[in-house]
There are 2 protein chains.
Amino acid sequence: MAVTAQRKPSKTRRIEIKKTALDIIYSEGLKKLSTHHLAAKAGISEGTIFRHFNSKKEIIGSIVKDVKAMLVTRLHDIAMQDTAPDKRLEDFICYHMQYLKENKGITILLFTEASYQNNKELKEELDEIFHLQQKYFSKIILDGILDGIWSSDISTESLASLYMGIPIILNIEINLNPVFKHDNFCYQMLTLILKALKK
Amino acid sequence: MAVTAQRKPSKTRRIEIKKTALDIIYSEGLKKLSTHHLAAKAGISEGTIFRHFNSKKEIIGSIVKDVKAMLVTRLHDIAMQDTAPDKRLEDFICYHMQYLKENKGITILLFTEASYQNNKELKEELDEIFHLQQKYFSKIILDGILDGIWSSDISTESLASLYMGIPIILNIEINLNPVFKHDNFCYQMLTLILKALKK
DNA sequence: TATACAAGTAAGTAATCACTTGCAAAGATA
DNA sequence: TATCTTTGCAAGTGATTACTTACTTGTATA
């Protein structure tokens, strides 16, 4: 019979709201992400949400921004390391999968929101995230081909396209199959990619 | 200044409504698929939609049923042919891509609706479609391995998972890149898969 | 030609949506 | 202690949602 939520600084409350939003997306679906339901799950009133965000759109925009800061820059760093390409490829894929495993609502948000809403700015953000990931992946592959460890008669572009399907598949499998063994997943995918790259 | 839509038998009208729904999903996003907007685009009144379908849910359910009848059974037939596995693989992938190219709203509907709505029956239907496609794909791969034309040291299951990412990627690329050259796409993907399968 | 049914409409319905308003009170600073 | 800013809430707002109701009209068949 809570009367009023504990007062917290906006910075903290924003993080809580975004975390709750991802929980809802992952466990109940995007449709349940109403401001009413989000407030209830976060233990605050609906009005309080709009004290910390100007709009619902801004909440999603802020989450996307977090992904760029946390995931995309890390993938960039991995791709640009001066270690061997096969080592970088492993780090890249495994970090990518681990991040998505630990932030389970992200994939649904990125791919569903873009095709559900018709928000132009959001679409452009997602487009950028998508193609940056492809670009960093391609960088590693091209380095490996230049180093002579991988076959050059492969379309790097196609392989990068194929790679981008993996996060989505991971998510669908997790969603449909509750006992999905995520741990092997990144190494299984790595093995397949290495096989395709073999000279 | 049309007063009343032309009278058509329910069978015809249902097809028109479903076609219009897919057009909206593809070109305007799932959010714009309201019964109000759907009726306007189909050139009928909102009430007429409910003359031919009991609910909006039933429209989507009927489209999913069409996919099972048109796409899934065709993929089954291709997988079960007694031609060479590499021929079947080519037919399988190219028919799959062609179907999705000609029915552009389907992929968004299948993958977005499942994570947007929390409709249990729909989720089970989509689960079935997803895993049947994986199963038929795996059948071809296993036949090729048994015939000795492809390497046996590959996880058929992993490859089938990887394969299922392709339709989604195709859709995202088409959406983000208006001048995407779909024609090469299925052969590029086929090449990569064959490379991974090489002995 | 009379009748019955199928297919159409306009104008509703309650529920839900994102968001606003006006006010109370906690916490920091003077 | 007095003041000011920030964070909270209850109770709204109009717009939109899927769907219903009551009624009209085209068309096939007796």
Side-chain angles (χ1 to χ4, degrees), chain A residues 1-21 24-25 28-64 109 112-113 116-122, chain B residues 1-21 24-25 28-64 109 112-113 116-122:
Chain A
M1 215 148 290
V3 183
T4 279
Q6 190 194 344
R7 273 174 77 98
K8 290 178 186 176
S10 197
K11 204 174 173 181
T12 312
R13 201 56 104 184
R14 279 174 66 100
I15 293 170
E16 284 184 9
I17 291 170
K18 287 191 277 182
K19 178 80 170 60
T20 308
I24 291 172
I25 290 170
E28 302 176 71
L30 249 178
K31 192 179 190 177
K32 288 285 173 65
L33 189 67
S34 65
T35 49
H36 180 78
H37 187 56
L38 176 57
K41 278 254 167 178
I44 53 179
S45 74
E46 201 174 349
T48 300
I49 287 181
F50 293 93
R51 177 73 63 197
H52 301 289
F53 292 94
N54 290 321
S55 64
K56 186 183 164 185
K57 207 182 276 184
E58 199 191 290
I59 300 175
I60 291 165
S62 180
I63 293 174
V64 171
L109 180 68
T112 304
E113 191 69 5
Y116 177 69
Q117 302 282 349
N118 235 24
N119 178 348
K120 201 191 161 200
E121 295 158 38
L122 180 64
Chain B
M1 213 148 291
V3 184
T4 279
Q6 190 195 343
R7 274 176 77 99
K8 291 179 185 175
S10 196
K11 203 174 172 179
T12 312
R13 201 55 105 183
R14 280 176 65 100
I15 293 170
E16 284 184 9
I17 292 170
K18 288 191 278 184
K19 178 80 170 59
T20 308
I24 292 173
I25 291 171
E28 301 177 70
L30 249 178
K31 191 178 188 178
K32 289 285 175 65
L33 189 66
S34 65
T35 50
H36 180 80
H37 187 56
L38 177 56
K41 279 255 166 174
I44 53 180
S45 73
E46 202 174 348
T48 300
I49 287 180
F50 293 94
R51 176 76 61 200
H52 301 289
F53 292 95
N54 290 322
S55 65
K56 187 184 162 186
K57 205 180 279 184
E58 198 191 292
I59 300 175
I60 291 166
S62 179
I63 293 174
V64 172
L109 181 69
T112 304
E113 192 69 4
Y116 177 68
Q117 301 282 349
N118 236 24
N119 178 349
K120 202 191 161 199
E121 294 158 39
L122 180 63

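Lettering follows sequence order; numbering is per chain, from 1. Predicted model, so just to flag it, every value in this text is computed and none were measured.
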* Look at the side chain of B:E46 against the base of D:dC19 and say whether a donor-acceptor pair falls under 3.5 Å; ignore hydrogens and angles. =>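 Per atom types, the contact qualifies.
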
* Asked: Between the base of D:dT6 and the side chain of A:R7, is there any donor-acceptor pair under 3.5 Å?
  -> yes

Give the rounded distance in Å between these two atoms: [atom1] of [X] and [atom2] of [N].
{"X": "B:K32", "N": "C:dC17", "atom1": "NZ", "atom2": "C1'", "result": "16 Å"}
{"X": "B:E16", "N": "C:dG8", "atom1": "CD", "atom2": "C1'", "result": "14 Å"}
{"X": "A:K8", "N": "C:dA25", "atom1": "NZ", "atom2": "C1'", "result": "18 Å"}
{"X": "A:H37", "N": "C:dA15", "atom1": "NE2", "atom2": "C1'", "result": "17 Å"}
{"X": "A:F50", "N": "C:dA18", "atom1": "CZ", "atom2": "P", "result": "7 Å"}
{"X": "B:R14", "N": "C:dA7", "atom1": "CZ", "atom2": "C1'", "result": "14 Å"}
{"X": "B:H36", "N": "D:dC19", "atom1": "NE2", "atom2": "C1'", "result": "14 Å"}
{"X": "B:K31", "N": "C:dT16", "atom1": "NZ", "atom2": "C1'", "result": "13 Å"}

Identify which nucleotide among [options] has an atom closest to any side-chain atom of [X], counting heavy atoms from C-beta outward.
{"X": "A:S34", "options": "D:dC9, C:dC17, C:dC19", "result": "C:dC17"}
{"X": "B:T48", "options": "C:dC19, C:dT9, D:dC19", "result": "C:dT9"}
{"X": "B:R51", "options": "D:dG8, D:dA18, C:dG8", "result": "C:dG8"}
{"X": "B:A5", "options": "C:dG8, D:dC9, D:dG8", "result": "C:dG8"}

* **Over 12 non-hydrogen atoms of neighbours within 6.0 angstrom of NZ in A:K56** => yes

* **Other residues, nucleotides, ligands: >12 heavy atoms within 6.0 Å of A:K41 NZ** =>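 For A:K41, atom NZ is not crowded (no more than 12 foreign heavy atoms under 6.0 Å).
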
* To do: Return the 5'-most residue of the pair A:H52, B:G47 with respect to DNA chain D, ranking by each residue's nearest nucleotide.
  => A:H52

* Asked: Among B:T35, B:T48, B:L38, which residue meets the side chain to side chain contact (heavy atoms under 4.5 Å, CB included) test with B:I17?
  ->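 The side chain to side chain contact (heavy atoms under 4.5 Å, CB included) with B:I17 is passed solely by B:L38 among B:T35, B:T48, B:L38.
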
* Indicate whether OP1 or OP2 belonging to D:dC9 is found under 4.0 Å from a side-chain N or O atom of A:T4. =>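 For D:dC9, neither OP1 nor OP2 has a side-chain N or O of A:T4 closer than 4.0 Å.
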
Taking all non-hydrogen atoms of both residues, which atom of [X] and which atom of [Y] are closest, and how far apart?
{"X": "A:I24", "Y": "A:K32", "answer": "CG2-O, 3.6 Å"}
{"X": "B:F50", "Y": "B:S55", "answer": "CE2-CA, 4.1 Å"}
{"X": "A:I44", "Y": "A:A5", "answer": "CG2-CB, 4.0 Å"}

* Asked: Reckon A:I49 touches a base, only the sugar-phosphate, or nothing at all at heavy-atom distances under 4.0 Å?
  -> nothing

* Heavy atoms under 4.0 Å, any strand shown: does B:L33 hit a base, just sugar-phosphate, or nothing? ->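 The answer is sugar-phosphate, as B:L33 gets under 4.0 Å only of primed atoms, P, OP1 or OP2.
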
* Asked: About how many Å separate OG1 of A:T12 and CZ of A:R7, when rounded to the nearest 0.5 Å?
  -> 12.5 Å

* Evaluate the salt bridge (charged side-chain N to carboxylate O under 4.0 Å, His left out) criterion for residues A:E16 and A:R13: first the C-alpha distance (whole Å), next the side-chain angles of each, then the deciding distance (0.1 Å), finally the verdict. => CA-CA 5 Å; A:E16 284 184 9; A:R13 201 56 104 184; 2.8 Å; yes

So which protein nitrogen or oxygen atoms get under 3.5 Å of nucleotides 13-15 of chain D's nitrogens or oxygens?
none

* Between B:K11 and A:N54, who's closer to the 5' end of DNA chain C by nearest nucleotide? ->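 First, find each residue's nearest nucleotide; the 5'-ward one identifies B:K11.
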
